[in-house]
Asks: 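To start, I am sharing the structure in question, which I have written as structure tokens.
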Amino acid sequence: MAKTPPTRASDPAAATTSDTHPHRYTARMANEIEARWQAHWIEHATFTAPGPGDAGFDAARPKLYCLDMFPYPSGVGLHVGHPLGYIATDIYCRYKRMRGFNVLHPIGFDAFGLPAEQFAVEHGVHPRETTQRNIDTMVRQLKALGLSYDWSRELATTEPEYYRWTQWIFLQLYDSWFDAGRNMARPISELIETLRARGTWDDLGDAERADLLDEHRLAYMAEVPVNWCPALGTVLANEEVTNEGRSDRGNHPVYKRPLRQWMLRITAYADRLADDLEFVDWPEPVKTMQRNWIGRSEGAMVDFPVDGLDETIQVFTTRPDTLFGATYMVLAPEHPLVERLTTEQQRASIDHYRQQARSRSDVERMTEAGGGEKTGVATGSCAVNPATGERIPIWIADYVLMGYGTGAIMAVPAHDLRDWVFARRFDLPMRTVVEPPAGYEPSKEEHELSYSDGGQTVLPYPGEGISVNSANDEISLDGLAGREATRTITGWLEAGGRGRFKIQYKLRDWLFSRQRYWGEPFPILHGPDGRTVAVLERDLPVTLPDMEDFAPASSDDPEAPPRPPLARAPDAWKYVERDGVRYERELNTMPQWAGSCWYYLRFTDVRNAERCAGVLPERYWMGERGVDLYVGGVEHAVLHLLYARFWHKVLYDLGHVSTIEPFGRLFNQGYIQAYAYRDARGVVVESGEVVDEHGAAAADVQDRPGAQFFHDGKPVRREYGKMGKSLKNSVSPDEICGEYGCDTLRLYEMYMGPLEASKPWSTRDIIGPFRFLARAWRLAVNEQTGELSLRDDASDDVERQLHRTIARVGADIERLAFNTAIAALIEFVNAATASGGLTRDQLERFVLVLSPLAPHIAEELWSKLGHDSSLAYHPWPAYDESLITEARIELPVQIGGKVRGRITVPADADAAQIEQAALADDTVRAALAGRTVRKVVVVPGKIVNIVAT
RNA sequence: GCCGGAGUGGCGGAAUCGGCAGACGCGCCGGACUCAAAAUCCGGUGCCCGCAAGGGCGUGUGGGUUCGAGUCCCACCUCCGGCACCA
């Protein structure tokens with residue numbers, strides 16, 4: 001955490017109550033007011049939201065379910081970037097309560113996860129303890145911001161009462177299959193009936209039956225390649241693997257190896273996850289990212305027989321129309337056929353290449369695939385192009401990934417840029433089979449890839465066009481356009497059993513096991529026969545066993561079997577006897593996503609011991625469109641939101657929830673960024689300790705051009721990025737609350753800019769919102785006596801501006817534009833101050849309009865105005881439209897697009913009247929002297945533009 | 001590499017539907033108050049030319065559409081986010 005920057009003497013907030021103005025709004029007063037009202041709200045349970053069946057529930061009111069994305073309780077507490085979204089939703093919820101909504105606004109903690117476990121391994125403290133401590137810190141910090149959560153609904157994913165239902169949902173997945181005909185999940189018991197009806201059940205033995213069912217489950221086990229680090233005894237994320245193929249932590253070797261893991265069949269829902277995006281009100285970029293992630297593409301699966309072996313290589317291609325141009329094939333180095341395809345001559349180089357590829361990260365492989373050098377090795381074998389009958393060489397190269405499609409491609413170098421680069425490098429043949437349309441202009445990239453052959457420039461052409469050179473004895477594509485050619489060749493492949501039409505997704509099934517301790521145990525038992533059975537529902541939850549040592553077992557042997565921490569759990573936990581058979585529990589745990597996949601459901605009925613959420617509360621709060629407003633960072637655009645939608649759809653199919661989508665409206669808040677500084681060695685230094693060449697704190701002079709920065713007397717380089725621990729540029733909300741009060745912090749964070757934009761933190765600017773609150777206070781309260789200072793007669797101008805302010809602030813809060821709402825309030829206070837103050841009635845309305853944004857000072861003024869209960873549920877003030885609209889308005893008159901005059905006309909004047917007034921205006925006539933008016937464009941209420949020559 | 005986003009004064013930003021670019025705040029400059037300073041209050045502040053009146057330029061760069069472009073279209077540059085085991 002950053003050190004408190006030195007307080008400047010000029011800080012009015014830092015001044016304690018002055019002798020001359022004993023009742024001035026200072027940080028000390030703000031802190032006193034804030035502590036008092038925060039205690040009041042808790043004591044009176046002001047923001048506890050009753051649901052259906054609870055006392056005080058009013059079913060007649062509309063509901064609003066407003067949710068912040070689940071926070072992880074980090075060890076260092078909050079920095080000022082975290083609460084940005086929380087403050088926004090708090091303002092919105094406070095406003096909606098005043099508008100008469102039943103508001104569900106809960107908070108909880110996504111408390112399983114890696115950091116607590118790693119801390120535990122390093123420091124020997126049980127993750128349960130650190131997690132609890134971190135939650136306590138965060139709750140304290142959140143409460144200190146005056147956030148109006150319903151604290152009675154607080155939960156953590158680590159509570160057995162919660163993860164009992166996470167396990168229960170996993171069992172729903174385990175006990176279901178996807179009925180492709182009905183496009184929905186159904187209980188596995190119904191699969192038996194379906195199979196029996198099809199005649200593929202009764203003849204089978206028990207083992208075969210069990211296998212058949214397991215193959216269909218939405219939760220199933222499979223071998224998948226992972227980044228295995230034997231020294232750490234665990235699987236690593238791509239980001240934890242360095243470019244050199246070693247572990248980020250400890251620099252140990254990492255190997256790609258297949259591991260038997262739990263998988264969830266999210267691919268079955270690919271179409272629904274893509275199609276149902278149509279029904280949600282989400283930012284369009286997020287929908288696009290999800291669609292791209294799902295990556296639906298149509299094409300063909302084509303079988304290439306291997307020459308001289310009884311094998312075929314399956315490839316997926318989106319461009320079957322270019323099949324005649326496939327002049328070689330490329331397999332991923334991990335492809336299972338590589339072993340058989342490698343000739344003795346090539347054995348050594350293939351083995352060497354595969355060894356190398358094994359220790360390269362996927363990200364690096366993808367990055368090099370485009371710009372950098374392509375690498376690859378020939379297997380020595382050939383396949384047969386089914387269209388041309390030609391023998392084509394088979395290579396392996398790491399630009400082909402095992403995870404996409406079939407892990408093999410047909411290479412069409414003339415019409416695919418990556419294949420082109422590869423073919424040029426290794427001198428492989430090319431054949432042009434598609435002609436670009438007339439007038440086609442090659443892109444810059446295509447030009448760069450071109451080469452000269454006997455004076456002729458040869459270019460790749462990756463687009464669609466007219467097929468050429470594409471005929472054999474049975475079929476010809478020549479002369480056909482792309483789509484027609486695709487249809488024709490696909491039909492020919494199908495007829496000859498050489499391939500078929502195929503919809504392919506980029507989306508892969510969800511790898512759901514982790515070799516970790518601090519996660520939900522699977523409710524699964526492994527029998528001596530190697531089969532799995534589910535833990536009985538009445539035996540849930542399967543609680544995490546208490547352990548002293550939860551470090552994974554490390555080894556030097558890359559082939560050593562993984563031993564997750566739970567392998568060392570007491571036997572009493574590990575082994576379960578049922579019907580005389582001894583079962584071993586599943587020793588992996590679930591990923592952190594699991595708990596965050598359904599927490600929004602639990603919040604609707606958080607203490608229910610019978611169900612994951614009661615029917616009535618779920619129906620009421622999830623209503624027609626699920627969560628009405630879901631606010632969080634765009635970093636969750638794909639994974640969390642896709643996983644949660646998937647679980648929700650399964651629960652919907654099985655009848656446990658009432659909406660097809662969980663989150664009706666999504667909003668992404670931006671990041672708070674800040675300057676960070678690195679010393680000569682490249683080490684990040686504490687931003688709060690950096691000064692400029694005059695010794696002034698860096699935060700005070702950060703935008704001065706040419707400033708130089710020093711840490712500990714040595715020059716440092718400045719950079720800019722997301723606030724956080726890694727850049728040591730965090731600013732704690734505790735610090736800012738202490739120095740200015742949390743109402744000021746709330747206003748500042750909202751005033752910085754649009755909620756959705758990322759923006760730089762500037763401690764220097766906080767004084768602005770503080771001054772605004774001090775002026776608002778001064779407008780209402782006599783700084784000498786502490787009494788209200790009110791006037792008796794209302795100024796018409798102030799009254800009109802108050803109506804405008806009420807209208808603007810309300811509309812701005814509705815569209816989450818808090819920065820402009822605050823600007824409107826500032827303008828009002830400045831105008832009211834200049835005009836000499838407010839009447840009691842005006843002050844009351846102003847306080848109400850201020851209250852969602854700065855609730856503590858508003859409650860304090862409200863009570864000074866003589867109210868003895870909170871204003872949290874007081875109706876939002878009304879405004880009179882007729883007082884807002886002006887009778888006469890000023891319009892700019894442009895000549896040739898430049899403003900040359902202004903006219904004042906009645907607000908409802910029509911185009912003809914406005915044109916007449918414009919042409920009659922003296923300045924306009926002077927500017928037009930000697931010119932001919934060609935055209936007059938009038939936009940009533942906006943502008944006049946005269947075109948003259 | 002692939003996918004997504006953003007570039008407006010010294011700084012954060014405003015301009016909601018193609019219609020007066022720079023609301024509001026920070027900073028800075030000047031004034032009032034004060035023995036003095038802070039706080040507070042009042043005024044000024046896009047850049048260039050000009051004593052002024054006034055004029056010219058101006059929303060990352062280059063083109064285009066339009067009576068009119070920060071906003072729409074094309075190309076480019078720079079920065080930021082995600083990429084499946086960080087959450």
Side-chain angles (χ1 to χ4, degrees), chain A residues 9-12 15 18 20-21 24 69-72 74 110 113-115 226-227 234-240 283 285-286 288-289 292-293 295 362-363 365-372 399 403 418 444 507-508 510-511 513-516 591-593 596 633-640 642-643 668 670-671 673 702-705 720-722 748 751-754 756-760 762 764-769 771-772 774-775 778 783 811-812 815 817 819-820 822-827 830 833 890-894 896-897 899 902 934-937 939 941-947:
Chain A
S10 62
D11 258 2
S18 73
T20 44
H21 303 98
R24 176 164 285 181
M69 279 188 191
F70 222 15
Y72 177 79
S74 120
D110 191 11
L114 204 50
V226 295
N227 300 313
T234 189
V235 172
L236 299 178
N238 279 331
E239 71 144 31
E240 296 175 291
V286 175
T288 305
M289 281 192 261
N292 290 343
W293 190 260
D362 277 0
V363 171
R365 280 171 61 168
M366 283 187 285
T367 306
E368 290 218 327
Y399 78 95
R418 285 173 310 176
K444 195 173 136 193
L507 181 70
R508 308 199 294 259
W510 176 10
L511 200 165
S513 322
R514 300 292 184 268
Q515 296 70 46
R516 303 254 155 83
Q592 195 168 359
W593 306 110
S596 61
V634 70
E635 69 269 25
H636 297 291
V638 176
L639 296 180
H640 160 64
L642 204 63
Y643 292 155
N668 298 123
Y671 303 104
Q673 303 184 297
Q702 59 185 17
D703 359 284
R704 184 165 61 80
Y720 179 66
K722 193 170 155 182
Y748 172 65
Y751 192 59
M752 290 170 79
E756 65 273 23
S758 290
K759 49 231 153 186
S762 171
R764 188 190 68 192
D765 291 352
I766 299 171
I767 192 71
R771 281 184 194 144
F772 160 66
R775 299 183 106 208
R778 194 177 306 127
E783 294 187 329
D812 283 351
R815 63 188 183 99
N819 52 334
T820 49
I822 294 167
L825 288 166
I826 293 174
E827 285 179 53
N830 289 347
T833 301
E890 193 186 70
L891 294 186
V893 180
Q894 296 184 333
V899 179
R902 294 172 183 286
R934 298 288 172 200
K935 186 173 176 185
V936 180
V937 180
V939 185
K942 292 281 186 193
I943 204 165
V944 181
N945 192 8
I946 300 168
V947 188

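Proteins come first, then strands; the chains are lettered A, B, ... in the order of their sequence lines, and each starts at number 1. Reckoned from all heavy atoms, side chains included, excluding hydrogens, waters and symmetry mates.
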Asks: Nearest-nucleotide wise, let me know which of A/S596 and A/D812 is further upstream toward the 5' end of RNA chain B.
Replies: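 Of the two residues, A/D812 wins.
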
Asks: Please enumerate all residues that pass side-chain contact (heavy atoms from CB on, under 4.5 Å) together with A/L114, with sequence neighbours excluded.
Replies: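 Counting only residues at least two positions away or on another chain, A/L114 forms a side-chain contact (heavy atoms from CB on, under 4.5 Å) with A/Q118, A/E240, A/R516.
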
Asks: Holding to side-chain contact (heavy atoms from CB on, under 4.5 Å), I want the full list of residues that pass it with A/P754, two or more places apart in sequence or in another chain.
Replies: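 In terms of side-chain contact (heavy atoms from CB on, under 4.5 Å), with neighbours along the sequence ignored, A/P754 is linked to A/E756, A/A757, A/N819.
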
Asks: For the pair made of NZ in A/K759 and P in B/C79, what is the distance, rounded to whole Å?
Replies: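 Result: 22 Å.
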
Asks: Does A/T288 have any side-chain contact (heavy atoms from CB on, under 4.5 Å) partners at least two apart in sequence or in another chain, and if so, which?
Replies: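 Here the qualifying residues are A/N292.
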
Asks: Using whole Å, what does the distance between atom P of nucleotide B/G12 and atom CE of A/M752 come to?
Replies: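 Value for this atom pair: 10 Å.
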
Asks: Within the structure shown, what part of the strands sits under 4.0 Å from A/L507 by heavy-atom distance: base, sugar-phosphate, or nothing?
Replies: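 Here A/L507 touches the bases of the nucleic acid.
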
Asks: Regarding A/V638, tell me which of base, sugar-phosphate or nothing describes its non-hydrogen contacts under 4.0 Å with the strands shown.
Replies: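 The answer is nothing, as A/V638 stays clear of every strand by at least 4.0 Å.
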
Asks: Round to a whole Å and report the spacing from CE of A/M289 to P of B/C83.
Replies: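 Result: 11 Å.
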
Asks: Would you mind reading off the distance between A/Y643 atom OH and B/A87 atom C1', rounded to a whole angstrom?
Replies: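 Roughly 12 Å, once rounded to whole Å.
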
Asks: A/F70: what forms a ring-ring contact (aromatic ring centres under 6.0 Å, His included) with it, not counting sequence neighbours?
Replies: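 Only A/Y599 meet the ring-ring contact (aromatic ring centres under 6.0 Å, His included) criterion with A/F70.
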
Asks: How does RNA chain B read in dot-bracket, base by base from 5' to 3', with Watson-Crick or G-U pairs under 3.5 Å and | used when the partner is on another strand?
Replies: (((((((..(((......[....)))((((((.......))))))((((....))))..(((((..]....))))))))))))....

Asks: Looking only at atom P, what distance separates B/G50 and B/A39, rounded to whole Å?
Replies: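 Each nucleotide's P atom is 36 Å from the other's.
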
Asks: Counting N and O atoms only, with roles assigned by atom type, does the side chain of A/Y671 sit under 3.5 Å from a partner on the main chain of A/G633, one being a donor and the other an acceptor?
Replies: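 No, the answer is negative, given that no donor and acceptor are paired below the 3.5 Å cut-off.
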
Asks: Would you mind classifying the nucleic acid contact of A/L642 as base, sugar-phosphate or nothing, using non-hydrogen atoms under 4.0 angstrom?
Replies: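 Result for A/L642 = nothing.
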
Asks: So which atom in A/Q592 and which in A/G113 form the shortest heavy-atom distance, rounded to 0.1 Å?
Replies: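 Minimum heavy-atom contact is OE1-CA, 3.7 Å.
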
Asks: How do A/S513 and A/I946 order along RNA chain B: which one's closest nucleotide is nearer the 5' end?
Replies: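 Between the two, 5'-proximity favours A/I946.
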
Asks: What distance, rounded to whole Å, do you find between the two C1' atoms, one in B/G46 and one in B/G27?
Replies: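 Per the computed distance, 15 Å lies between those C1' atoms.
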
Asks: Listed by chain and number, what are the side-chain hydrogen bond (donor to acceptor under 3.5 Å, both in side chains) partners of A/Q515, not counting sequence neighbours?
Replies: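 A/Q515: side-chain hydrogen bond (donor to acceptor under 3.5 Å, both in side chains) contacts with A/N588.
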
Asks: Out of B/G12, B/G27, B/C83, which has the shortest distance to the side chain of A/P760?
Replies: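 The answer is B/G12.
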
Asks: Please examine the side chains of A/W293 and A/M289, heavy atoms only from C-beta on, and report whether any two atoms are closer than 4.5 Å.
Replies: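 They are not in contact (no side-chain heavy atoms under 4.5 Å apart), so the answer is no.
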
Asks: With a 4.0 Å cut-off on heavy atoms, is A/L639 in touch with a base, just the backbone sugar-phosphate, or nothing at all?
Replies: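 The residue A/L639 makes base contact.
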
Asks: Please state the P separation for the pair B/G60 and B/G70 - nearest whole angstrom.
Replies: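 10 Å, rounded to whole Å.
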
Asks: Identify whether the glycosidic angle of B/G9 places it syn (within 90° of 0) or anti.
Replies: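 Syn, which is what one calls it when the glycosidic angle falls within 90° of 0.
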
Asks: Please determine whether a side-chain nitrogen or oxygen atom of A/R778 lies at a distance below 4.0 Å from atom OP1 or OP2 of B/C41.
Replies: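 So the side-chain polar atoms of A/R778 do come within 4.0 Å of the phosphate oxygens OP1 or OP2 of B/C41, strictly under.
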
Asks: A/I943: what forms a side-chain contact (heavy atoms from CB on, under 4.5 Å) with it, not counting sequence neighbours?
Replies: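 A/I943: side-chain contact (heavy atoms from CB on, under 4.5 Å) contacts with A/P892, A/Q894, A/V939.
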
Asks: Which nucleotide in the list B/C67, B/C86, B/C80 gets nearest to the side chain of A/K935?
Replies: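 The nucleotide sitting nearest to the side chain is B/C67.
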
Asks: With sequence neighbours left out, write down each residue that passes side-chain hydrogen bond (donor to acceptor under 3.5 Å, both in side chains) with A/T820, or none if nothing qualifies.
Replies: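 With sequence neighbours excluded, A/T820 shows a side-chain hydrogen bond (donor to acceptor under 3.5 Å, both in side chains) to A/D812, given in chain and number order.
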
Asks: Need one value for A/P285: base, sugar-phosphate or nothing, where a base atom within 4.0 Å counts as base even if backbone is also close, heavy atoms only.
Replies: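 Touches sugar-phosphate only.
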
Asks: Could you tell me how far apart A/I767 (CD1) and B/C28 (C1') are, to the nearest whole angstrom?
Replies: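 It is 16 Å, rounded to the nearest whole Å.
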
Asks: For nucleotides B/G82 and B/A14, find the distance between their C1' atoms and express it as a whole number of Å.
Replies: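 Roughly 30 Å separates the two C1' atoms.
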
Asks: Could you run down nucleotides 43-49 of chain B 5' to 3' and tag each one B, S or - for protein heavy-atom contact under 4.0 Å?
Replies: -------

Asks: Base, sugar-phosphate alone, or nothing: which one does A/P71 contact when heavy atoms must sit under 4.0 Å apart?
Replies: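 Contact class for A/P71: none.
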
Asks: Counting distance only, does the side-chain N/O of A/D110 pair as donor-acceptor with the main-chain N or O of A/Y72 below 3.5 Å?
Replies: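 No; judged by distance alone, with no hydrogens or angles, the pair does not exist.
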
Asks: Is A/T833 touching bases, backbone alone, or none of the nucleic acid, heavy atoms closer than 4.0 Å?
Replies: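 Answer is nothing: A/T833 stays at 4.0 Å or more from every strand.
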
Asks: Out of B/A14, B/C86, B/G12, which has the shortest distance to the side chain of A/L114?
Replies: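 Within the option list, the nearest is B/C86.
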
Asks: Name the nucleic acid region contacted by A/H636, choosing base, sugar-phosphate or nothing; use a 4.0 angstrom heavy-atom cut-off, strictly under.
Replies: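 If one applies the 4.0 Å heavy-atom cut-off, A/H636 turns out to touch a base.
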
Asks: I'd like the P distance from B/G12 over to B/A84, given in whole Å.
Replies: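 Per the computed distance, 33 Å lies between those P atoms.
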
Asks: Can you see if the side chain of A/R771 gets near the phosphate of B/C26 - specifically, an N or O under 4.0 Å from OP1 or OP2?
Replies: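 Answer yes for this pair, as a side-chain N or O of A/R771 is under 4.0 Å from OP1 or OP2.
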
Asks: What pair of heavy atoms forms the shortest contact from A/S758 to A/Q673, and how long is it?
Replies: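 Scanning both residues, the minimum pair turns out to be CB-OE1, 3.9 Å.
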
Asks: Could you state the atom-to-atom distance from OH of A/Y671 to P of B/C79 in whole Å?
Replies: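 Answer to the nearest Å: 18 Å.
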
Asks: What protein N or O atoms touch nucleotides 17-24 of chain B N or O atoms at under 3.5 angstrom, if any, and at what distances?
Replies:
| residue | atom | partner | partner atom | Å |
| --- | --- | --- | --- | --- |
| B/C20 | O2 | A/R902 | NH1 | 2.8 |
| B/C20 | O2 | A/R902 | NH2 | 2.6 |
| B/C20 | N3 | A/R902 | NH1 | 3.2 |
| B/A23 | O2' | A/E827 | OE2 | 3.4 |
| B/C24 | O2' | A/Y751 | OH | 2.5 |
| B/C24 | O2 | A/Y751 | OH | 2.6 |

Asks: With a non-hydrogen cut-off below 4.0 angstrom, is A/F70 in contact with a base, only sugar-phosphate, or nothing?
Replies: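 Since no nucleic acid heavy atom lies under 4.0 Å of A/F70, the category is nothing.
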
Asks: Apply the syn/anti split at 90° from 0 to B/C49 and say which one it is.
Replies: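 Anti, which is what one calls it when the glycosidic angle falls more than 90° from 0.
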
Asks: If we ignore hydrogens and angles and just use 3.5 Å, is the side chain of A/N227 paired with the main-chain N or O of A/L236 as donor and acceptor?
Replies: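 Between the backbone of A/L236 and the side chain of A/N227 there is a qualifying donor-acceptor contact (under 3.5 Å).
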
Asks: For the P atoms, the ones on B/C20 and on B/A75, what distance do you get once it is rounded to whole angstrom?
Replies: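 So the two P atoms sit 29 Å from each other.
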
Asks: Rounding to the closest angstrom, what is the interatomic distance between B/G62 and B/U78 at atom C1'?
Replies: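 After rounding to an integer number of Å, I get 15 Å for this pair.
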
Asks: Expressed as a whole number of angstroms, how long is the span from A/R508:CZ to B/C83:P?
Replies: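 Atom-to-atom, A/R508 to B/C83, this comes out as 13 Å.
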
Asks: Roughly how many Å is it from CG in A/L236 to P in B/C86, rounded to a whole number?
Replies: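 The distance from CG of A/L236 to P of B/C86 comes to 9 Å, rounded to the nearest Å.
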
Asks: Taking only residues two or more places apart in sequence or in another chain, which ones pass side-chain hydrogen bond (donor to acceptor under 3.5 Å, both in side chains) with A/H640?
Replies: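 side-chain hydrogen bond (donor to acceptor under 3.5 Å, both in side chains) list for A/H640, sorted by chain: A/Y630.
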
Asks: Name all residues meeting the ring-ring contact (aromatic ring centres under 6.0 Å, His included) criterion together with A/Y643; count only those two or more places apart in sequence or in a different chain, and write none if there are none.
Replies: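 If we apply the ring-ring contact (aromatic ring centres under 6.0 Å, His included) test to A/Y643, skipping adjacent residues, the hits are A/W510, A/W593.
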
Asks: Measuring only the C1' atom in each nucleotide, how far is B/G13 from B/U65? A whole number of Å is fine.
Replies: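 One C1' to the other, the span is 29 Å.
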
